[in-house]
Amino acid sequence: MEHAPLFDPTQLGSIQLPNRIMSSGHQTTLVQDYLPTDDFFEYHLERARGGAGLVVLEAHAVHESGLLTDHTIDASTDDIVETYEPFAEAMHKADTRLLAQLFHGGRERYAGEYAPPALSASDEPTDRLNVIPRPMETTEVYEMIDAFVDAAVRMEQAGLDGVEVVGSHSYLPAQFWSPNINNRDDEFGGTLENRCRFTVAIAERIRQHTDDNFVVGIRISAEERSEQGLSFEETLPIIEHIDDAATLDYWSVVVGSSSTQEGCSYIVPPATESETVTRSPATVIDQTVDGETIVTSRINTPEKAIRMLTETGADVVGMTRALIADPELPAKTKAGEWDDVIPCVACNQGCIGRYQEGLPIRCTINPVTGREAEYSDLDSVTTPKSILVVGGGPAGLIAATTAAERGHDVTLLEATSNLGGQVTAYANLDHRGRYQDWLATLTSRLDDHDVTVELDTQFDPDDVAAYDPDELVLATGATGRRPDIPVAGSVSSYTAVEALRADDPFGDEVLVADWDGNEAALDAASEAINAGADVEIVTATYTPGESVQQYIQNTLLGNLYAEDATLTPHHRVDAVEADEIVLQNVFNDERERRDSVDTVVFAHGGEADYEQYRALSDANVPVHRVGDCWAPRSLDETVWEAFETATEL
């Protein structure tokens with residue numbers, strides 16, 4: 001496919017971008033004492049070296065009251081200038097332009113050790129984060145405008161090319177311009193002009209205090225995607241007024257709102273959402289405003305990026321998670337090496353999921369992400385070894401390809417006729433993203449690095465001598481775990497993976513027993529509904545999907561409710577009898593019963609076989625366990641352990 005439009009230079013205000021691919025502002029948690037760390041710099045430099053034409057750095061608090069978390073970058077002090085100067089120079093040497101987001105969440109804030117009053121236009125609470133803010137005094141509004149301006153000046157002094165005012169997702173500027181939130185009676189409330197005054201003043205005063213070549217843009221949610229939020233019809237007059245009243249170089253178009261469960265999922269859209277969610281509003285905005293336009297959403301392939309640029313008229317396209325998964329996506333695409341791109345699967349685990357847990361950014365399927373300083377260049381081995389990898393699931397594939405890339409002679413054994421392990425059970429589900437593409441990429445790398453693959457090969461510890469490896473990597477994964485409870489033979493029962501792989505496993509009444517709020521339970525429930533069954537999810541946690549990243553959880557639960565699924569928290573399955581299912585309350589041991597259930601699916605995690613490892617104790621070869629065969633956990637641990645082990649062989 002022709003990718004030329006992505007790599008045409010384009011203007012963004014006064015600066016020229018070498019191409020149209022952007023890494024948009026996203027939180028990394030690579031921050032210490034409110035300043036970016038060396039890992040932060042290496043993370044973004046890797047995306048610049050990989051060919052991104054524009055990098056917009058994450059939300060920078062313009063005021064102490066806007067420090068959303070303990071790992072928010074503080075742009076309200078002069079320390080940020082000296083910190084950024086060498087970084088900005090390095091990014092420019094990589095031919096990437098650099099902007100920073102200027103941010104204040106207003107009523108949208110997380111609580112740390114101490115929760116001071118949140119500031120907003122009015123005291124309208126936010127449902128999702130359950131914060132009741134206090135209205136800013138008029139003098140404080142002017143002080144906040146000054147804070148935005150001062151932060152912009154610091155970014156210019158540090159050598160950045162410009163700033164982006166974050167007015168998206170119902171953050172502070174939007175809290176002023178929204179009539180649903182702003183009930184002020186001073187010059188910042190009431191009429192459309194007054195409600196937009198805060199944003200206009202910020203943009204115009206930044207213009208007055210920075211050089212003419214300094215880029216000033218804004219990020220805006222075209223619609224907030226919930227009943228409580230603004231529709232596009234309500235947002236468009238706001239956009240028109242701000243565009244008339246202020247001089248902005250560009251408009252970055254997104255959708256969603258942080259203030260509702262429904263709207264927040266669009267901040268980092270799950271795989272269920274299409275990139276087209278921003279297509280129509282971006283097209284109208286591009287035709288409305290004077291400045292350039294940027295469009296973002298779930299744009300994770302060059303094909304989607306080109307289509308969005310063509311259909312919306314936008315000048316730049318955000319491919320953020322695609323660049324998190326593979327920072328070399330632009331360079332590989334330009335060179336025609338698309339098959340070698342690590343595809344984003346939209347799992348949201350390593351990126352936004354870890355941010356919400358206060359952890360540094362990672363990528364579930366790319367173990368180098370966030371660790372670029374240590375692993376971006378793998379050392380080739382001086383003395384190649386013979387490496388035997390047992391198991392062709394994700395752990396085995398990562399271990400085999402990484403070891404072979406370093407120069408080892410690798411043989412991979414897989415007991416079945418297909419590579420991919422348990423991931424193949426859900427790889428093609430519509431709500432799961434591009435797992436099949438990821439497995440295809442890993443498989444192609446086996447050929448690229450001359451890995452010998454033996455399928456349909458049951459491994460026995462006695463076989464070690466025949467292969468005579470220098471080291472052995474055991475990556476045999478786990479099987480589905482069943483609880484130790486009575487199960488009547490008249491009721492069909494499966495583990496989640498068994499149900500997803502079986503032909504027509506579901507009866508008319510399906511009960512999914514969820515042990516830990518895992519996504520496999522939601523997978524099985526969704527597939528049962530698609531098969532026409534009535535479904536109940538019984539979970540021992542506080543809610544089904546509890547261990548799933550929030551935005552994905554929100555979307556999948558919303559879909560299940562829409563399909564009339566029954567969601568029962570705080571219970572476990574105690575017995576599966578011929579005529580009823582016995583449920584046990586996890587808090588007080590009281591029992592409930594369900595009749596007419598003909599299929600039970602146990603989503604109870606994995607169960608490892610430790611005997612194979614123990615049998616290798618006399619094999620006279622170093623044995624390394626990775627992934628679920630060591631102990632069943634998540635795909636994050638599987639990929640990381642396999643990669644780290646292979647780098648040390």
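Everything quoted here is computed from the prediction, not taken from an experiment.
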Pair Phe459-Leu388, side chain to side chain contact (heavy atoms under 4.5 Å, CB included): steps then yes or no
CA-CA 11 Å; Phe459 173 75; Leu388 181 64; 4.1 Å; yes

Show the numbers, then the answer: is there a salt bridge (charged side-chain N to carboxylate O under 4.0 Å, His left out) between Lys385 and Asp409?
CA-CA 6 Å; Lys385 294 181 178 180; Asp409 181 14; over 6 Å; no

Please check if any side-chain donor atom of Thr320 sits under 3.5 Å from a side-chain acceptor atom of Ser24, or the reverse.
yes

Taking the ring of Tyr435 and the ring of Tyr426, is the distance between their centroids below 6.0 Å?
yes

pair Thr402-Thr647: side-chain heavy atoms closer than 4.5 Å:
yes

For Asp326 and Ile342, indicate whether the former's side chain and the latter's backbone hold a donor-acceptor pair under 3.5 Å.
yes

Applying side chain to side chain contact (heavy atoms under 4.5 Å, CB included) to Gln550 and Gln356, what does each step give before you reach the verdict?
CA-CA 9 Å; Gln550 184 185 55; Gln356 291 173 331; 3.6 Å; yes

Please work out which of the three classes, parallel, tilted or perpendicular, describes the rings of His604 and Phe602, given edges at 30° and 60°.
perpendicular

Heavy-atom side-chain contact between Ile324 and Thr369 under 4.5 Å:
yes

Quick check: closest heavy atoms across Ala578 and Ala488, and the distance to 0.1 Å?
N-CB, 3.5 Å

Any luck finding a side-chain donor-acceptor pair between Ser297 and Arg279 under 3.5 Å?
no

When rounded to the nearest 0.5 Å, the distance separating OH of Tyr355 from OG1 of Thr28 is 10.0 Å

Going by an N to O cut-off under 4.0 Å, is there a salt bridge joining Arg633 and Glu641?
yes

Given 3.5 Å as the limit, does a donor-acceptor pair link the side chain of Asp514 with the main chain of Val538, or not?
no

Nearest 0.5 Å, what's the CD-CD distance between Glu577 and Glu580?
5.0 Å

Distance alone, cut at 3.5 Å: any donor-acceptor contact between the side chains of Ser444 and Asp339?
no

Any chance you could lay out the side chain to side chain contact (heavy atoms under 4.5 Å, CB included) test for Thr638 and Val626, step after step, and finish with the verdict?
CA-CA 6 Å; Thr638 291; Val626 296; over 6 Å; no

Look at the side chain of Thr260 and the backbone N and O of Gly263, then say whether any donor-acceptor pair between them is shorter than 3.5 Å.
yes

So which of Arg354, Gln349, Arg362 actually passes side chain to side chain donor-acceptor pair (under 3.5 Å) with Asp636?
Gln349

Among Ser257, Ser170, Ser258, the one residue meeting side chain to side chain donor-acceptor pair (under 3.5 Å) with Glu108:
Ser258

Where Val621 and Leu472 come nearest, the two heavy atoms and their spacing
CG2-N, 4.1 Å

Quick one: does Asp618's side chain get under 4.5 Å of Leu616's, heavy atoms only?
no

For Ala520 against Ala603, the heavy-atom pair lying closest together
C-CB, 4.4 Å

May I ask you to test the Thr301-Trp338 pair for a side-chain heavy-atom distance under 4.5 Å?
yes

Hey, mind stepping through Arg406 and Glu648 against salt bridge (charged side-chain N to carboxylate O under 4.0 Å, His left out) and telling me if it holds?
CA-CA 10 Å; Arg406 295 183 60 227; Glu648 296 174 351; over 6 Å; no

I'd like to know if the side chain of Thr424 reaches the main chain of Gly420, judged simply by a donor and an acceptor atom lying under 3.5 Å from each other, with no hydrogens or angles considered.
no

Any heavy-atom pair between the side chains of Ile361 and His26 that's under 4.5 Å?
yes

If I compare all heavy atoms of Val410 with all of Ala403, which pair ends up nearest, and what's the gap?
CG2-CB, 3.9 Å

Carefully, step by step, assess Arg482 and Ser493 under the rule side-chain hydrogen bond (donor to acceptor under 3.5 Å, both in side chains).
CA-CA 9 Å; Arg482 290 172 177 263; Ser493 67; 3.0 Å; yes

Dump the intermediate steps for side-chain hydrogen bond (donor to acceptor under 3.5 Å, both in side chains) on Glu454 and Thr411, then the final yes or no.
CA-CA 8 Å; Glu454 298 183 15; Thr411 298; 5.6 Å; no

Could you walk me through whether Leu397 and Leu439 pass the side chain to side chain contact (heavy atoms under 4.5 Å, CB included) check?
CA-CA 9 Å; Leu397 292 170; Leu439 294 178; 4.3 Å; yes

Judged by atom type as modelled, is there a donor-acceptor pair below 3.5 Å linking the side chain of Asp574 to the main-chain atoms of Gln584?
no

Close side-chain approach of Ile537 and Leu560, heavy atoms under 4.5 Å
yes

Do Arg321 and Asn348 have side-chain atoms, one donor and one acceptor, less than 3.5 Å apart?
yes

Side-chain contact test, heavy atoms from C-beta onward, threshold under 4.5 Å: evaluate it for Gln549 versus Cys351 and give yes or no.
no

Rounded to the nearest 0.5 Å, what separation is found between the NZ atom of Lys332 and the CG atom of Asp340?
4.0 Å

How far does CZ of Arg128 sit from OG of Ser265, to the nearest 0.5 angstrom?
8.5 Å

State whether the side chain of Ser617 and the backbone N or O of Tyr613 hold a donor-acceptor pair below 3.5 Å, judged by distance alone.
no

For the rings on His571 and Tyr542, is their centre-to-centre separation under 6.0 Å?
no

Would the number of heavy atoms belonging to other residues, nucleotides or ligands and lying under 6.0 Å from CH2 of Trp515 be above 12?
no

Scanning both residues in full, the closest heavy-atom pair of Ala565 with Ile529 reads CB-CD1, 4.0 Å

Heavy-atom donor-acceptor pair, Thr278 side chain to Val295 backbone, under 3.5 Å:
no

Determine whether the aromatic ring centres of His169 and Tyr266 lie less than 6.0 Å apart.
no

Ignoring hydrogens and geometry, is there a side-chain-to-backbone donor-acceptor pair from Ser221 to Glu224 under 3.5 Å?
no

Has Glu509 got a side-chain atom pairing as donor or acceptor with Ser596's backbone, closer than 3.5 angstrom?
no

So NE2 of His624 and CG of Leu474: to nearest 0.5 Å the spacing works out to 11.0 Å

So, taking the atom named OG1 in Thr541 and the one named CG in Asn518, what distance separates them when rounded to the nearest 0.5 Å?
8.5 Å

Just do the salt bridge (charged side-chain N to carboxylate O under 4.0 Å, His left out) check on Glu405 and Arg445 with the steps written out, would you?
CA-CA 9 Å; Glu405 183 180 350; Arg445 289 186 175 184; 5.4 Å; no

Would you say Asp628's side chain and Ala478's backbone share a donor-acceptor pair under 3.5 angstrom?
no

No-hydrogen, no-angle side-chain donor-acceptor test under 3.5 Å, Ser634 and Glu637
yes

Determine whether Ile387 and Val473 make a side-chain contact, defined as any pair of heavy atoms from C-beta on separated by less than 4.5 Å.
yes

Minimal heavy-atom distance between Ala631 and Tyr610, with the atoms involved, is CA-OH, 3.9 Å

